[in-house]
2 protein chains.
Amino acid sequence: MTETSGTSVRFPAPVTLRVIAEEIGVSVSTVSRVLKAQGDDATRWASAETVARIRAYAKSREYRPHPHAASLRTARSGLVGVLVPRLQDFVLATVYEGVEEAATEHGYSTFVTNSLDDPANKALRTEMMLQRRVEGIIFGDAHHHDPLLSAFAERGTPFVLVSRRSGDYVSATCDDLLGGALVGRHLVEAGRRDLAVLAGLPFASTAIERTSGAVDAFTEAGLHVAPERIEWGPFDAAGGRQAAEKILSRRPYPDAIFATNDFAAIGALGVLRDHGLRVPDDIALIGYNDTPLAAEMPTPLTTVRSPMHEMGRRGIELLIELLGGGTPDSERLTPELVVRQSG
Amino acid sequence: MTETSGTSVRFPAPVTLRVIAEEIGVSVSTVSRVLKAQGDDATRWASAETVARIRAYAKSREYRPHPHAASLRTARSGLVGVLVPRLQDFVLATVYEGVEEAATEHGYSTFVTNSLDDPANKALRTEMMLQRRVEGIIFGDAHHHDPLLSAFAERGTPFVLVSRRSGDYVSATCDDLLGGALVGRHLVEAGRRDLAVLAGLPFASTAIERTSGAVDAFTEAGLHVAPERIEWGPFDAAGGRQAAEKILSRRPYPDAIFATNDFAAIGALGVLRDHGLRVPDDIALIGYNDTPLAAEMPTPLTTVRSPMHEMGRRGIELLIELLGGGTPDSERLTPELVVRQSG
DNA sequence: CTGAAAGCGCTTACAG
DNA sequence: CTGAAAGCGCTTACAG
């Protein structure tokens, strides 16, 4: 009872052009033309008075064009497909929020789905997006060498990569080489000499470039990073824990650990504690992405802020350029080091 | 070059019924009927040989019905809208994964969007889903008293609530009262006498019921929980930190803190450490949801496992029952206490 | 300027 | 059993 009282929002049933046309006494064509013209432009299609009546009635009945009817007629669905490794991953969820936000602003709707980084599943999900008649696709799950992507490119449907780059395909990513370098330089300046890296997924450009950036910074400082100091694995807390355990199974211990992902860093934190190692006194620990949790950890995490949301937005904008026949350049957004307590 | 070699996946352009009909030499009607019949049923519409030829050709050209054309004709879009407070929230992202998974299995596609728990935005997003002609909606963002929901109910579009309950609307949720009780009883048995609760959002049934469940368990044990021991706030690390700071600004300290969300618990962890308080020796800390991070914390978190993914799946199944004219009962899934080190 | 008509790709009641 | 036809709600070239 209190539930229904005081309600001002209503959700009326949809009206069609024909209903409006009959009500006003003009043809469906005229209503269609008037309603999609903006401002005074509409008077090209009807008298000012008729325009006003059509608009008023459409508004009162909350007319909205049926997207499927328009889609069928114009061969433009207004749909974009988005594939991410997994929406549970905060990073990808944030990228997707940017995608969805910008898509909506541009009049597009998006379908998202998890590919789980599995080739068979990726092919299946891509196929499914195509069945739904998306005009283009945003891939957040590209692999470094990705046969699926080249097969898809042959099909001609426009697509943009976000988060992870691959080959020369159009992408909106973070400059992860720079991000890694920021970490590497910061550690060197802080006097660290022996770096270990919890590198992440070996087929992801993010993992590869963040790792290279940091390792190169050490190399430039005359410090060698041995191959066994690099552990590849999943971008999550469990993956970080496992990689850290491997690193700490060997002596001597490194004096710095770079996890290419905040969650991996959090997983490593527990391992360090279990080994009686203090952060940053014994070992510095640095993450990546500046996830909200980074600042809230018992030992606040030094990390690299990456423009996740913006990457999603730019991804859609690039795709829309592509859909309009343009040939946009890839975008590499700038990361920023956020120094806190852990390293 | 290596990118394109060895590719076995192809993404061919869509074919229409008319193309198939012309190729085989039968009418579009026949092709339509044959293709949507399963097994031998198809021979009701054409000779076994024709059926075989149609199917073979459709398969070779990877025929897929155009969903918009079918939608227009049948007035069934096969679309479901999903509103969540925020996809960045691991819990809702997981619920959504369940929704999407089950929807796909049942031949439905889903649109998700963030409502941010803001009434104006909720109305706007709901409206947008309706414009997209969804057949039903899954709300993951219901408020305890929700005028929007009652307004929406009047419109007649079927909907199901997930994660948060409201009134008597059909929902798939976790039995949060039980979940809270499990926490309360466990703490009482462990000898804790003075409970504080980081309660979460005051308009969310999840927050309300988890809190009640725990407080009632204390009350039943003859232990009083004073109103100032309950702090409401956001379900994230920053919210948990703030609420914990308020709790610890008063003396005496409680000997147990229940955060109705793992992320809030993680935020509280830092505050406890800053106050020089040991977990669980000085204060027990318990979270909720059994997020992957809970097990990976430096002090592994005791928490309540809630069937997030399953809630999403059941939500879609209930919605599909509703769409079929059924009158399903709400579902309350069972939570489970996971005892680790923090409490 | 404005309406009638065609057609996007389907499905399905209606005739033969 | 099978085809022709109508029609879902739009948009847009084509006539008047």
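Residue numbering restarts at 1 for every chain, and letters A, B, ... go by the order of the sequence lines. Computation of the quantities below employed the complete heavy-atom set of this structure, encompassing side-chain atoms and omitting hydrogens, waters and symmetry-equivalent molecules.
- A 3.5 Å limit on both hydrogen-bonding distances identifies no Watson-Crick or G-U partner for C:dA13.
- In this structure, A:Y63 does not reach the D:dG9 phosphate: none of its side-chain N or O atoms is under 4.0 Å from OP1 or OP2.
- Using a 4.0 Å heavy-atom distance criterion, A:A46 is classed as a sugar-phosphate-only contact.
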May I have the step-by-step check of side chain to side chain contact (heavy atoms under 4.5 Å, CB included) for B:L83 and B:I138, ending in yes or no? CA-CA 6 Å; B:L83 265 77; B:I138 304 258; over 6 Å; no
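- Distance A:E49 CD to C:dC1 C1': 16 Å, rounded to the nearest Å.
- What separates CZ of B:R44 from C1' of D:dT2 is a distance of 13 Å, to the nearest Å.
- OP1 or OP2 of D:dT11 has at least one side-chain nitrogen or oxygen of A:S32 nearer than 4.0 Å.
- In this structure, D:dA4 forms no base pair with any nucleotide, since neither Watson-Crick nor G-U wobble geometry is met with both distances under 3.5 Å.
- No donor-acceptor pair under 3.5 Å is formed between the side chain of B:N114 and the backbone N or O of B:Q88.
- Where B:V26 and B:L72 each meet DNA chain D at their nearest nucleotide, the meeting point lying more 5' is that of B:V26.
- Put simply, A:S29 has no side-chain N or O that comes within less than 4.0 Å of OP1 or OP2 on C:dT2.
- The side chain of B:R73 sits closest to C:dT11 out of C:dC8, C:dT2, C:dT11.
- The interatomic distance linking B:Q131 (CD) with D:dG9 (P) rounds to 17 Å, in whole Å.
- Where B:S47 and A:T16 each meet DNA chain D at their nearest nucleotide, the meeting point lying more 5' is that of B:S47.
- Distance CD1 (A:I54) to C1' (C:dC1): 13 Å, rounded to an integer number of Å.
- As a whole-Å value, the separation of B:H68 NE2 from C:dC8 C1' is 12 Å.
- Pairing each heavy atom of B:Y108 with each of A:R132, the nearest pair is O-NH2, 4.3 Å.
- Between B:E331 and B:T173 there is no side-chain heavy-atom pair separated by less than 4.5 Å.
- Judged by distance alone with a 3.5 Å cut-off, no donor-acceptor contact links the side chain of A:R133 to the base of C:dG9.
- Of the options B:E105, B:E97, B:E100, a side-chain hydrogen bond (donor to acceptor under 3.5 Å, both in side chains) to B:R313 is made by B:E105 and by none of the others.
- In this structure, NE2 of B:H66 is placed 13 Å from C1' of D:dG9, rounded to the nearest angstrom.
- The side chain of B:K36 approaches C:dT12 more closely than any other nucleotide in the set D:dT12, D:dC8, C:dT12.
- Summarising the geometry, the separation between CZ on A:R33 and P on D:dT11 is reported as 11 Å, rounded to the nearest angstrom.
- At whole-Å resolution of the value, CG in A:L17 and P in D:dG7 are 18 Å apart.
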